[in-house]
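The structure under discussion appears below in the form of structure tokens.
Model, not experiment: these values are computed from the prediction. By convention here, the first residue in the shown sequence is residue 1.
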Amino acid sequence: IRNVLYDKYVDQSLAFHNKNNKGDLIFTMTSEVQEIESSIINSLQVLLRDPFLVLAYFGLLFYWSYQLTLFTLIFLPITGITISLITRKLKKMSYFSQEMMSEMITNTEESISGIKPIQSYTAEGFMKKRFRKINDAFSQHSKQLFSKKEMASPISEILGVFAALMLVVYGGYLILNGKSSLGGEGFIAYLALYTQIIQPLKNLSQTSITLQRGIVATEKIFKIADSHFSIPEPANPVHKSDLKKEISINNISFAYESQPVVTNLNLSVAKGKIIALVGQSGSGKSTIIDLICRFYDVTSGSIEIDGTNIKDIALKDLRGMIAVVSQDPFLFNDTVYNNIILHNPEASLEEAMQAAKIANAHEFISEMPHGYNTIVGERGSKLSGGQRQRITIARAILKNPPILILDEATSSLDTESERLVQDAINNMMQNRTSIVIAHRLSTIRHADEIIVLQKGEIVERGNHDELLLQNGFYKKLVEMQEVK
């Protein structure tokens with residue numbers, strides 16, 4: 001089950017984020033699966049043993065006295081209805097409890113990931129108050145849930161004792177009036193056997209509660225596993241591994257829910273050319289990249305590679321042709337070598353080293369305690385921003401894609417790191433089709449074409465010199481950054 005959920009998430013992560021809570025997935029993969037395991041094991045132990053014991057005991061009881069046994073059966077529907085009412089309430093409360101647990105896990109994960117801004121803005125008190133509010137609500141709900149759950153046991157005990165008391169009264173009446181074949185000794189033996197049937201019946205009633213918890217957990221799992229994402233694999237995929245002519249963006253529009261982000265955009269990126277996208281935040285630059293990578297699908301229009309709509313290309317092939325280097329380099333808590341060979345796990349150390357040399361990363365990697373076998377820490381926490389970025393560039397170089405996308409790859413670096421990273425980027429861009437998003441216009445002045453975006457539309461296009469002559473948006477951006 002965990003494998004299915006993880007595969008589903010990894011295959012369609014961005015679409016998953018739009019429809020599901022990350023805490024939901026974490027909680028489901030841990031607590032929910034454990035709940036199912038526990039429910040199955042405990043229920044099987046009872047169901048494979050106690051029903052046969054109950055049938056055997058009732059068979060003997062009928063043989064000894066059918067009158068007394070039929071009398072005892074009056075109390076079984078009462079017990080069943082009572083336990084059913086409790087379990088129905090438990091199912092509803094269990095669902096809400098799990099929802100609240102998901103929210104608490106999400107809050108905790110956010111707090112751990114964002115500990116630096118929390119402390120830098122002295123927001124510890126606010127975050128503690130926020131967590132305590134969620135935790136108190138969860139604790140209160142859990143108390144109610146456990147109190148309802150624990151009610152089933154004493155209620156079944158009381159009903160069992162009451163049934164035994166009624167049996168003594170009714171059996172005594174039958175024996176004293178000579179209406180039963182049992183004598184005093186036989187009646188005592190009958191009562192002794194009857195008391196033995198109570199525990200298996202109690203176990204069966206508890207099993208219904210255990211199964212209800214398992215059913216709630218199963219419903220949660222199916223809710224995620226059966227989710228239909230917005231990025232379908234084509235029914236008859238076209239397989240491609242190289243860009244031969246151009247990337248063509250034909251009159252595309254895209255909206256997040258009802259908010260338009262890109263409107264009627266047309267763009268052609270010829271093989272081997274460098275195209276730069278510039279504009280204010282929210283102008284649609286990163287959205288265009290996401291659409292090319294097919295993290296989302298266009299609302300209208302089409303994106304084509306060599307005349308083939310990317311919706312018809314196998315997702316693995318499409319993304320295999322593209323390498324993205326973003327402003328937020330992500331490294332896994334693993335060795336430098338394993339982070340570089342992410343796309344090609346069969347790559348040798350020598351190939352990883354060659355990629356690192358092109359990315360200006362080999363020198364600092366060699367100086368690390370264990371070289372390429374050094375653990376970089378969670379999200380690369382043991383490295384500087386420039387070092388993390390150069391390792392992700394080495395990863396992209398080793399992938400050797402025909403299409404390179406740079407999403408503000410140097411925007412968060414200091415001057416020295418930016419120079420080293422920019423040199424690595426220039427090495428990587430050679431003989432590749434590149435799409436560059438940049439706020440620092442000095443890094444894209446040599447692009448073959450610069451596309452100026454505003455509110456999801458192209459307002460200017462041309463090379464650096466041509467755009468300066470137009471005396472428009474681009475020139476204002478240049479003047480603000482004092483690019484000469």
Side-chain angles (χ1 to χ4, degrees), residues 1-20 25 221-257 260-273 275 277 284 286-326 341-347 395-396 398-405 407 431-435 456:
I1 293 172
R2 292 190 187 96
N3 287 341
V4 170
L5 293 175
Y6 184 82
D7 291 349
K8 188 88 171 181
Y9 177 75
V10 170
D11 289 340
Q12 298 284 358
S13 57
L14 287 179
F16 181 92
H17 276 306
N18 283 344
K19 296 187 177 184
N20 296 275
L25 178 72
I221 287 171
F222 280 124
K223 179 182 176 182
I224 294 176
D226 293 340
S227 295
H228 296 289
F229 298 119
S230 58
I231 313 298
E233 184 76 45
N236 299 299
V238 176
H239 295 284
K240 289 183 68 68
S241 60
D242 196 12
L243 173 67
K244 299 185 182 301
K245 294 181 180 179
E246 65 177 2
I247 302 170
S248 179
I249 299 175
N250 306 310
N251 200 36
I252 65 168
S253 296
F254 178 75
Y256 288 112
E257 296 180 351
V261 181
V262 176
T263 306
N264 301 327
L265 189 139
N266 291 278
L267 178 63
S268 179
V269 185
K271 180 179 179 179
K273 298 296 183 180
I275 301 297
L277 304 178
S286 295
T287 300
I288 294 172
I289 300 304
D290 289 341
L291 293 173
I292 293 173
C293 295
R294 213 177 162 218
F295 294 139
Y296 307 102
D297 275 338
V298 296
T299 305
S300 62
S302 66
I303 300 175
E304 299 178 353
I305 294 180
D306 295 333
T308 302
N309 193 319
I310 63 172
K311 290 184 178 180
D312 298 325
I313 301 174
L315 277 172
K316 188 173 182 180
D317 289 355
L318 173 65
R319 293 169 185 171
M321 290 191 291
I322 303 171
V324 180
V325 180
S326 67
I341 66 167
L342 183 63
H343 176 71
N344 184 11
E346 304 301 322
R395 176 194 293 166
L398 185 62
K399 185 178 182 181
N400 194 26
I403 302 170
L404 176 64
I405 293 175
D407 188 356
N431 303 318
R432 284 190 176 87
T433 305
S434 303
I435 302 175

Separation of H239 NE2 from T308 OG1 (nearest 0.5 Å): 12.5 Å

Smallest separation among heavy atoms of A323 and P401, with atom names: CB-CG, 3.2 Å

What distance separates L398 CG from H343 NE2, expressed to the nearest 0.5 Å? 8.5 Å

Side-chain contact test, heavy atoms from C-beta onward, threshold under 4.5 Å: evaluate it for L318 versus I305 and give yes or no. yes

Kindly say whether I313 contributes a backbone atom to a donor-acceptor pair with the side chain of R294 at under 3.5 angstrom? no

Shortest non-hydrogen contact from P237 toward P234: CD-O, 3.4 Å

For a side-chain contact (heavy atoms from CB on, under 4.5 Å) check, start with the C-alpha distance between I310 and I292, then their side-chain angles and the critical distance, and finish with the verdict. CA-CA 8 Å; I310 63 172; I292 293 173; 5.8 Å; no

Is there a side-chain contact (heavy atoms from CB on, under 4.5 Å) between S434 and I275? Walk through the geometry before answering. CA-CA 6 Å; S434 303; I275 301 297; over 6 Å; no

Hey, what do you get for CD1 (I435) to CG (L277), rounding to the nearest 0.5 Å? 6.5 Å

Would you say N264's side chain and N251's backbone share a donor-acceptor pair under 3.5 angstrom? no

Enter the distance from I288:CD1 to D407:CG here, rounded to the nearest 0.5 Å. 11.0 Å

Polar contact flag, side-chain donor to acceptor under 3.5 angstrom, R395-N344: no

Criterion side-chain contact (heavy atoms from CB on, under 4.5 Å) on S248 and I303, from CA distance to verdict: CA-CA 6 Å; S248 179; I303 300 175; over 6 Å; no

So which atom in I252 and which in S302 form the shortest heavy-atom distance, rounded to 0.1 Å? CG2-O, 3.3 Å

Residue pair V298 / K311: nearest heavy atoms and the distance that separates them: O-NZ, 4.1 Å

When F254 is tested against each of D297, T263, T287 for side-chain contact (heavy atoms from CB on, under 4.5 Å), which residue passes? T287

On a heavy-atom basis, the closest approach of L315 and E233 is N-OE2, 3.1 Å

Determine whether P402 and T433 make a side-chain contact, defined as any pair of heavy atoms from C-beta on separated by less than 4.5 Å. no

What's the separation between atom CG in D290 and atom OH in Y296, rounded to the nearest 0.5 Å? 5.5 Å

Is the shortest side-chain heavy-atom distance between M321 and K240 below 4.5 Å? yes

Atom CD of E304 and atom NZ of K245: how far apart are they, to the nearest 0.5 Å? 12.0 Å

Are the side chain of T299 and the backbone of A255 linked by a donor-acceptor contact shorter than 3.5 Å? yes

Check whether any side-chain heavy atom of R432 sits under 4.5 Å from a side-chain heavy atom of N400, and report yes or no. yes

Quick one: closest heavy-atom pair of L265 and G456, and the distance? CD1-O, 4.0 Å

